Amino acid sequence: HSSPLTIAIDGYSACGKSTLARALARRLGYSYIDTGAMYRAVTLHLQRDEVNLEDDAAVTEALRQITIAFRPEDNHVLLNGEDVEHQIRGLSVSKMVSQVAALSKVRRAMVEQQRRMGADGGVILDGRDIGTVVFPDADLKLFVTADLETRIDRRLSELLADGQEVQREEVAANLEERDYIDSHRADSPLRMADDAVLLDNTHLGLEELVERGEELVQQLRTARR
Ligand code: CDP
Ligand code: CDP
């Protein structure tokens, strides 16, 4: 019986991280922590309360009021008990989330919770700083990429299929803006960990991407036997 692993998946926006993470977690019987959903839930709360991001005391107070959890049955994110899974995926949250995630105060609170949730292993986390900051000693680190145009197409299809009225230009601008802010912020910028495996899935289907992930897990287990 192999010991439970901690798997870190990082990468740019809409590259396939969460799809890969969710599918791998299901196959391995692991839990999945969508850290992007946590930053999105914080953002939704700050938007609802119209908190000024420059008002440090107001941000602190807002963070004190927030409880974030994942519903075990379907992994929906719960903000103070409310299922906000659908609301956090819209462009309104997407347009502000990188500004919120650049605040050290917010990152500290989220990273602390993520470490607690993943402490026992048997877990897959996806985000921007998992392999570099949250679990720098993770057993397996994947860095997922795909060409920008491919990522734009994929996210656009997702939003349109959900019935949201969005233009391709808007989605494109949002992905580019978030990638820029996420990789240039002072605290925990997005970068590939030195020991991560690069998975470019521009020309890979979902099934192939997941198979590639499974192969890497198998290789790791074999190497450790
Ligand atoms: O799904 P998508 O790739 O568009 O984004 P996400 O994974 O839901 O993350 C939303 C935003 O949260 C990112 O653009 C980052 O600004 C922030 N984030 C972060 O800073 N650190 C993480 N570990 C995860 C997300
Ligand atoms: O989590 P992240 O934002 O990195 O990406 P995602 O939400 O997993 O993937 C964005 C969209 O691309 C989803 O609708 C996926 O189903 C789709 N996708 C795809 O069609 N083919 C792939 N090889 C990877 C993702």
Side-chain angles (χ1 to χ4, degrees), residues 8-25 32-44 46 53 68 75 77 84-85 87-104 106-115 117-118 124-135 138 142-162 164 166 171-172 174-191 193 199-213:
I9 304 184
D10 290 301
Y12 293 96
S13 49
C15 62
K17 297 181 302 296
S18 59
T19 310
L20 171 63
R22 197 174 292 113
L24 264 187
Y32 164 49
I33 301 170
D34 179 348
T35 68
M38 298 172 70
Y39 289 96
R40 286 174 179 273
V42 172
T43 303
L44 180 66
L46 296 174
L53 298 188
I68 295 173
N75 239 31
V77 67
V84 293
E85 182 63 32
Q87 288 177 67
I88 61 165
R89 304 293 165 190
L91 263 189
S92 146
V93 167
S94 294
K95 282 179 179 168
M96 196 173 126
V97 64
S98 287
Q99 282 80 358
V100 172
L103 301 173
S104 290
V106 172
R107 302 207 69 79
R108 262 199 306 280
M110 294 303 109
V111 170
E112 195 202 323
Q113 185 177 353
Q114 289 154 17
R115 286 183 180 146
M117 292 191 296
I124 305 186
L125 300 96
D126 82 327
R128 303 292 186 287
D129 61 341
I130 310 302
T132 52
V133 174
V134 183
F135 285 109
L142 306 177
F143 194 87
V144 186
T145 62
D147 289 352
L148 178 63
E149 293 304 312
T150 304
R151 294 190 281 120
I152 295 167
D153 289 338
R154 288 176 181 172
R155 180 51 49 86
L156 179 66
S157 316
E158 210 178 2
L159 293 170
L160 292 177
D162 182 51
Q164 300 195 36
V166 290
V171 174
N174 180 254
L175 295 193
E176 285 192 79
E177 187 196 33
R178 282 197 289 129
D179 287 348
Y180 184 86
I181 298 174
D182 294 346
S183 45
H184 289 83
R185 66 187 174 216
D187 189 342
S188 322
L190 166 64
R191 65 169 188 85
L199 281 183
D200 185 335
N201 75 120
T202 308
H203 303 291
L204 283 188
L206 283 177
E207 191 56 30
E208 294 164 291
L209 177 65
V210 177
E211 276 168 19
R212 188 79 192 96

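On a predicted model such as this, the values are computed, not experimentally measured, just so you know. One-based numbering, in listed order, for ligands and for the atoms of each.
- Near Gly205, the atoms of ligand 2 lying under 4.0 angstrom from a non-hydrogen atom of the residue are 23 (N).
- Contacts of Val144 with ligand 2, taken as heavy-atom pairs under 4.0 Å, are absent altogether.
- Near Val97, meaning under 4.0 Å from one of its heavy atoms, ligand 1 places the atoms 11 (C), 12 (O).
- Nearest non-hydrogen protein atom to atom 4 (O) of ligand 2 is Lys17 NZ, 2.7 Å.
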Next on the checklist: Walk me through whether Arg107 and Tyr39 qualify under side chain to side chain donor-acceptor pair (under 3.5 Å).
Outcome noted: CA-CA 8 Å; Arg107 302 207 69 79; Tyr39 289 96; 3.3 Å; yes
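- No heavy atom of Gly11 sits closer than 4.0 Å to any atom of ligand 2.
- Around atom 11 (C) of ligand 2, the closest heavy atom drawn from Glu158, Glu208, Arg22 belongs to Glu158.
- If you check each of Arg178, Gln114, Arg107, Arg155 against atom 19 (C) of ligand 1, the one with the closest non-hydrogen atom is Arg107.
- Against a heavy-atom cut-off of under 4.0 Å, Gly127 is close to the following atoms of ligand 1: 22 (C), 23 (N), 24 (C).
- Near Leu206, the atoms of ligand 2 lying under 4.0 angstrom from a non-hydrogen atom of the residue are 16 (O), 18 (N), 19 (C), 21 (N), 22 (C), 23 (N), 24 (C), 25 (C).
- The closest heavy-atom contact to atom 25 (C) of ligand 1, among the options Ala8, Pro189, Gly36, Ser13, comes from Gly36.
- Of all atoms in ligand 1, listed by their number and element, those nearer than 4.0 Å to a heavy atom of Ala14 are 2 (P), 3 (O), 4 (O).
- Using a cutoff of 4.0 Å between basic side-chain nitrogens and carboxylate oxygens, Arg108 and Glu112 are not scored as salt-bridged.
- Of all atoms in ligand 2, listed by their number and element, those nearer than 4.0 Å to a heavy atom of Cys15 are 2 (P), 4 (O), 5 (O).
- Set against the non-hydrogen atoms of Asp129, the atoms of ligand 1 under 4.0 Å away are 21 (N), 22 (C), 23 (N).
- Nearest-residue assignment for atom 8 (O) of ligand 2 (options Leu159, Thr19, Leu20, Thr202; heavy-atom criterion): Thr19.
- Summary of contacts: the protein heavy atom closest to atom 17 (C) of ligand 2 is Arg154 CD, 3.9 Å.
- Ion pairing between a basic and an acidic side chain is recognised when a charged N comes within 4.0 Å of a carboxylate O; Arg89 and Asp34 show such pairing.
- Note on ligand 1: Met38 sits outside its first shell, no heavy atom being nearer than 4.0 Å.
- Heavy-atom proximity to Ala101, at under 4.0 Å, picks out these atoms of ligand 1: 16 (O), 17 (C), 20 (O).
- Proximity to Asn201 (heavy-atom distance under 4.0 Å) selects the following atoms of ligand 2: 22 (C), 23 (N), 24 (C).
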